[in-house]
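I have placed the structure first, in the form of structure tokens, so that the comments after it can refer back to it.
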Number of protein chains: 2
Amino acid sequence: MAANRPVTLRDVARLAGVSVATASKALNGQPQVRAETRARVVLAAEQLAFSPNTFAQSLITQRSGTVGLLTSDLEGRFSIPILMGAEDAFGSGQTSVFLCDARGDTIREKHHLRALLTRRVDGLIVVGARPDTRASLGRDLPVPVVYAYAPSDDPADLSLVTDNVGGGRLAVDHLIRCGRRRIAHITGDPGYSAAQDRARGALDRLDSAGLELAGGEVWFGMWSEAWGRGATRMLLDRCPDVDAVFAGSDEIARGVLDVLHEERIAVPSRVAVIGFDNWNILAANARPPLTTVDLNLEQLGRTAAQRLSAAMDGHPASGTETLPVRLITRDSTAPLS
Amino acid sequence: MAANRPVTLRDVARLAGVSVATASKALNGQPQVRAETRARVVLAAEQLAFSPNTFAQSLITQRSGTVGLLTSDLEGRFSIPILMGAEDAFGSGQTSVFLCDARGDTIREKHHLRALLTRRVDGLIVVGARPDTRASLGRDLPVPVVYAYAPSDDPADLSLVTDNVGGGRLAVDHLIRCGRRRIAHITGDPGYSAAQDRARGALDRLDSAGLELAGGEVWFGMWSEAWGRGATRMLLDRCPDVDAVFAGSDEIARGVLDVLHEERIAVPSRVAVIGFDNWNILAANARPPLTTVDLNLEQLGRTAAQRLSAAMDGHPASGTETLPVRLITRDSTAPLS
DNA sequence: TTGTAAGCGTTATCAG
DNA sequence: CTGATAACGCTTACAA
């Protein structure tokens, strides 16, 4: 146990033979101090392994050098990459991140919010569990806030979301470029804006190519493999000549692949399949590995951190910023030969 | 913007018509203050929505009320439940958690460690990415440390790990109770202690039942569905009358199920399958839903937080504590009828 | 260029 | 029971 009293600026000053004031200036790179003196102070600080007491600093500067990350669903796979991107962008150089998980509970969220404000965080990132609009934390917070993934319902807030419409468009575009003409769309819970948006993007792109949706309609259901399997069976029944399926999630895509495999329908040669989310454990291990749309969540997290930094430096923004998604090509899609 | 000067204890004291000293005592529940006075102070504090400046408090008490969570792999599914359990146990009532992800990089870990110590955290939880032994952070840290999931290589440290041997035993025990006698074990990378331990537990339990491993050996390979599929094909070839497979992970189990399904071998009636990890997205969506061993990681996280609290309160511990795992029964196993 | 001294918002130790 | 007053470790005018 190194239980000796922590070394303070006084110790450094004493060792360097200067006053605490000069020591402080020297260490903080203030210009009004002789080079030789500064060197002596720096040396002393190093020798003593001095590290300034952040509480004392914060007490004066009114800045904690910390931000709060309020998430609603850590379990979920969406918060994590965002969180990593954010941590990344803050660089851990100056700002550290307080993590709080409200688990979808408003009470708990309020509680965490209080705790974070009590700790005097310099800013807040709020990460939702699903891409639907969520309630704003309010306008009277003493620190800037950025909403990521799930936008705030107050347009005065700054929200960062992924481009689900664009993703749907991108997926179908890819299938069309592969020469597919009879494209079906099987997706999840219609109560999710993500499901609606992806479908909208898909229909939009089909439209512009003068194509109709194979099967005649979007197959809304649930975000599960089982639904992917069930819907695919119905689809094959109604529309046996389908040559591509755009699945609204990788889970659903796994179900689709499963049934196609069962029916000995070759993928991608006869039917191409594309997923959504790029959930690696599902997409990369699929048979064949799944082409899918990546949400770029780390980038979302990085951007959130940047916007928050800007706001903390007095450059706030508002409105909803939509960030691009991207296509990950694997083996479940290929040009029609 | 509520940019008015934050309310301090002075404001409260003034409003209550007492000195700051008395106000402090009243708010901190010190006995030496008249009930009526205390009430007045508390009321004033509420009216002003006073919240004490934690920096000033920490400056005096030498306690930050924060702990650091140093993880090596946030992406991975293991850190998250541990992290949630820990957050849970700290209750966010008093202690907040700083999250840092080293991403398996020693340099980055050192860097984060410095940052956390600079922030004067009261304690540290280190979460490894895989259950193998990892390098200790060292003995000369100014705060207590608890290692979770991946034990430290220094026995003087306190490490909390899951019982992989017990898990292997538990899995095979369940299969035996289901009346299975020809049990095979397909598992992952033999370089992982988890693979070795689970196999050891399995062999141990087989032994005590006077049984041999079906297929004659443990099938070590990789932690992937593809390996699960490949190994199962070989297994069926060499040992067509196998009646149960213990898979070393849920991913592998998915591969096993896949091939059994392909070969029209009924699960669980002809062959029972059990996985490991209880990775919900894989286990619950499997066909049939997968019986598996749950690592109880949230509990591990909670215990880590408790041990750390104890250490912070002057009751340190050391050595390696092994926490029990548990069986999750779903439909891929059943008694032989 | 350096040092002195006044805070930052609390808590703790004393007298009253 | 209450109130000055001195810390806690640092930054920053202001003097020297």
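Contacts of A/Q32 with the nucleic acid, taken as non-hydrogen atoms under 4.0 Å apart, include base atoms. Using a 4.0 Å heavy-atom cutoff across all strands shown, A/T37 reaches sugar-phosphate atoms only and no base atom. B/T8 comes within 4.0 angstrom of the backbone, heavy atoms only, and of no base. Using a 4.0 Å heavy-atom criterion, one finds that B/T61 contacts no nucleic acid atom at all.
Counted by atom type alone, A/S136 and A/D157 present one or more donor-acceptor pairs between their side chains at under 3.5 Å. Side-chain N/O atoms of A/Q62 and A/S58 include no donor and acceptor closer than 3.5 Å. At a cut-off of 3.5 Å, with distance as the only test, a side-chain donor of B/S193 or B/D132 sits close to an acceptor on the other residue.
Counting 5' to 3', DNA chain C first comes under 4.0 angstrom of a heavy atom of chain B and last does so at the ends given by C/dG9 to C/dT13.
In this structure, B/S19 and B/Q62 both approach DNA chain D, and ranking their closest nucleotides by distance from the 5' end singles out B/S19.
Spacing between atom CD of B/Q30 and atom P of D/dT2 amounts to 13 Å, rounded to whole angstrom units. At whole-Å resolution of the value, CG in B/L9 and P in D/dA4 are 14 Å apart. Taking atom CG of residue A/N28 and atom P of nucleotide D/dA13, one finds them 13 Å apart after rounding to whole Å.
A/R120 contributes no side-chain N or O that, together with a main-chain N or O of A/S64, makes up a donor-acceptor pair within less than 3.5 Å.
Side chains of B/Q47 and B/L15 form a contact here, defined as non-hydrogen atoms less than 4.5 Å apart.
When the nucleotides D/dG9, D/dT2, D/dC14 are ranked by their closest atom to the side chain of B/R34, D/dT2 comes out on top.
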